[in-house]
Q: 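One structure follows; several queries about it will come next.
Letters A, B, ... are given to chains in the order of the sequence lines, protein chains preceding strands, and every chain is numbered from 1. In what follows, every heavy atom counts, from backbone to side chain, and hydrogens, waters and symmetry copies are set aside.
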2 protein chains.
Amino acid sequence: MALALVDIDAWQLDHGKAVSPQLRIVLRSRIIRNDLKPMCRLSEPELAKEYGVSRQPVREAFITLVDEGLLEIRPQRGTFVKRIDFEAVLNGRFVREAVEADIVGKLAERADPALIRHLREQLTEQSRVADRSPEQFIELDETFHISLASAAGLKGVWDYLEPVKSQMDRVRFITFEELPIARLIRQHTEIVDQIERQDVAAAKAATRQHLREILNSLPEIQELYPDYFENSRALTGE
Amino acid sequence: MALALVDIDAWQLDHGKAVSPQLRIVLRSRIIRNDLKPMCRLSEPELAKEYGVSRQPVREAFITLVDEGLLEIRPQRGTFVKRIDFEAVLNGRFVREAVEADIVGKLAERADPALIRHLREQLTEQSRVADRSPEQFIELDETFHISLASAAGLKGVWDYLEPVKSQMDRVRFITFEELPIARLIRQHTEIVDQIERQDVAAAKAATRQHLREILNSLPEIQELYPDYFENSRALTGE
DNA sequence: TCCTGTTGACTTGTATGGTAGTAGGCAAGT
DNA sequence: ACTTGCCTACTACCATACAAGTCAACAGGA
């Protein structure tokens, strides 16, 4: 449930704690960060040797990742990193849009000054890393959205969004060097502004537009890396 | 991912297919249907013997159910059916409300006559079983909501709602004999009506109200079965 | 050259044994 | 009576062994 991405290189297994959950997190991170590429084959015994454990914990980690739509186990054949499902990504965006718009709407009704301050601090922080580390910006972006949910007393809602987001994040990490960070920050600012003005409708609209922007690069990415995607036909979608 | 509830009594294990997923489904069904009660202890070896398999598949089924928030594994202590988390249920409702309102909104924009017909057929079907089998009504209710998502071309979205719904369904099954079925059908009808009239705002509002109604009985249930719930303090929540 | 049947090295799925940790009862000591 | 320490019966977790299916390479015959 607590599924933060971890630094793949610096990571090490803690033999004091249970192994399977740790493997789950690191494998999840590697997939979302596009370190393990779509269609890449994952061998149970190979990973077991690599991390110095037996097959069983690896296998259990696999199972949870299948549930999250990141892995595909073909019995007696092999386990593979799932290609990105175009439709799943769009569905994820739909869910996030609906939920986060409502969250922001709730916040706009109250416009708590302390919250506004807190969010504006995050905005300046985002600007600071903007032209330095896109990867770091993604983390701050995540923090920003979680803050919105928490402030609305709906932190638990974010847990439900976790698998939804993982699909979208894979897309972002493929070309994270080209993120239109400046624009994303402007949109964040717009959201905060509208919350502050207590304009519920405008705040919701800004949120929806922002979440659409996130996937603006999707068609482009799909054209650049068609092999990463499940169904290339979706480009011609209605 | 395909997680329909199964008939607990008539169910039997198919030795041709993989065991773990089957166990997952049947255990999930038993928990949601309140056959396995909150705080109930589940013994790995005992269930293994009961279903005539080894411990490993049972364990793997457990892991997926932990992810879904239905089970809790306390290492070296035991595995228990989770009590219902009041907050998780409310958060689930929040997510469903946001998402399904948007779905219905989309439908209201088009108001496809064939869809309207299809939905009205379901409504009469619902009325038919209304005063006969509450359990069957719950299934039809599920069908109704799935139909809405499918019609909007968002069937995939429903997959994301599955874990959300499981929390809510547990509540419904505890007192499913007392479901205000007539009222729920009226609300379904209201939704269809507003879709037909292409009144987007009204359709969304009707959907939201309906989903709030579903959990109207929650405080009452919590009072009747306080042991089933995680945190009884939530009753005084804002 | 092409087709076919077999073999063997893979894979995941299942079964089982061993390890470490927990909880509770019981007995000895205070 | 009360506390303390041990001991037994449990638990989840991990390791390992076995079973069953898949796939590709290869040998042999048409």
Side-chain angles (χ1 to χ4, degrees), chain A residues 1-2 11-28 30-31 36-83, chain B residues 1-2 11-28 30-31 36-83:
Chain A
M1 217 56 98
W11 183 84
Q12 262 213 93
L13 199 139
D14 177 355
H15 278 282
K17 300 171 189 169
V19 180
S20 330
Q22 298 185 65
L23 285 180
R24 171 190 187 168
I25 291 175
V26 68
L27 289 179
R28 190 185 119 96
R30 290 181 66 179
I31 295 173
L36 295 170
K37 312 250 186 271
M39 298 288 288
C40 168
R41 176 204 196 111
L42 295 187
S43 164
E44 258 177 34
E46 200 171 301
L47 280 170
K49 188 156 52 170
E50 178 178 341
Y51 289 112
V53 295
S54 82
R55 267 182 56 214
Q56 209 54 47
V58 176
R59 177 175 170 71
E60 289 171 5
F62 279 6
I63 291 176
T64 65
L65 294 175
V66 167
D67 260 1
E68 207 171 334
L70 297 178
L71 240 52
E72 182 180 4
I73 297 181
R74 296 220 285 264
Q76 273 70 42
R77 232 160 296 195
T79 302
F80 306 86
V81 176
K82 268 197 83 164
R83 284 186 293 192
Chain B
M1 223 50 101
W11 183 85
Q12 262 213 104
L13 200 140
D14 177 354
H15 277 281
K17 301 172 191 169
V19 180
S20 333
Q22 298 184 66
L23 285 179
R24 171 192 188 167
I25 291 175
V26 69
L27 289 179
R28 189 185 119 96
R30 290 181 66 179
I31 294 173
L36 295 171
K37 311 248 185 278
M39 298 288 289
C40 169
R41 178 207 194 105
L42 295 187
S43 164
E44 236 177 55
E46 198 171 303
L47 280 170
K49 188 156 49 170
E50 178 177 341
Y51 290 112
V53 296
S54 82
R55 279 168 23 229
Q56 205 56 46
V58 176
R59 175 175 169 72
E60 290 172 4
F62 279 5
I63 290 176
T64 66
L65 294 175
V66 168
D67 259 3
E68 207 172 334
L70 297 177
L71 241 51
E72 183 180 3
I73 296 182
R74 295 219 287 264
Q76 273 67 41
R77 233 159 297 194
T79 301
F80 306 85
V81 176
K82 267 199 83 164
R83 285 185 293 192

Q: I need the minimum non-hydrogen distance between A:S20 and A:A61, along with the two atoms involved.
A: O-CB, 3.9 Å
Q: Taking the side chain as C-beta and beyond, is there a heavy-atom pair between B:L23 and B:V53 under 4.5 Å?
A: yes
Q: At the 4.0 Å heavy-atom cut-off to chain A, mark where contacts on DNA chain D begin and end, going 5' to 3'.
A: D:dC14 to D:dC23
Q: Show the numbers, then the answer: is there a side-chain contact (heavy atoms from CB on, under 4.5 Å) between B:V81 and B:K37?
A: CA-CA 7 Å; B:V81 176; B:K37 311 248 185 278; over 6 Å; no
Q: For A:R59, which residues count as a salt bridge (charged side-chain N to carboxylate O under 4.0 Å, His left out) partner, sequence neighbours excluded?
A: A:E44, B:E60
Q: So, does B:E46 use its side chain to make a donor-acceptor pair with the main chain of B:L42 at under 3.5 Å?
A: no
Q: Are A:D67 and B:R24 side-chain neighbours, meaning at least one heavy-atom pair lies under 4.5 Å?
A: yes
Q: Atom pairs, N/O to N/O, protein against nucleotides 16-18 of chain C, distance under 3.5 Å?
A:
residue : atom : partner : partner atom : Å
C:dT16  : O4   : B:Q56   : OE1          : 3.2
C:dG17  : O6   : B:R55   : NH2          : 2.9

Q: Give the rounded distance in Å between these two atoms: CD of B:Q22 and C1' of C:dG13.
A: 13 Å
Q: Produce a footprint string for nucleotides 5-11 of chain C: one letter per nucleotide, 5' end first; B if the base is under 4.0 Å from any protein heavy atom, S if only the sugar-phosphate is, - if neither.
A: ------B
Q: Kindly give the heavy-atom pair with the smallest separation between B:G69 and B:K82, and that separation in Å.
A: O-CD, 3.5 Å
Q: Once ring-ring contact (aromatic ring centres under 6.0 Å, His included) is applied, what residue pairs with a partner in residues 57-76 of chain B remain, sequence neighbours excluded?
A: none
Q: Heavy atoms only: give me the nearest B:G78-B:R41 pair and the separation to one decimal.
A: CA-NH2, 4.4 Å
Q: Return each pair, listed once, that meets salt bridge (charged side-chain N to carboxylate O under 4.0 Å, His left out) where at least one residue sits in residues 71-81 of chain A; pairs must be two or more places apart or across chains.
A: none
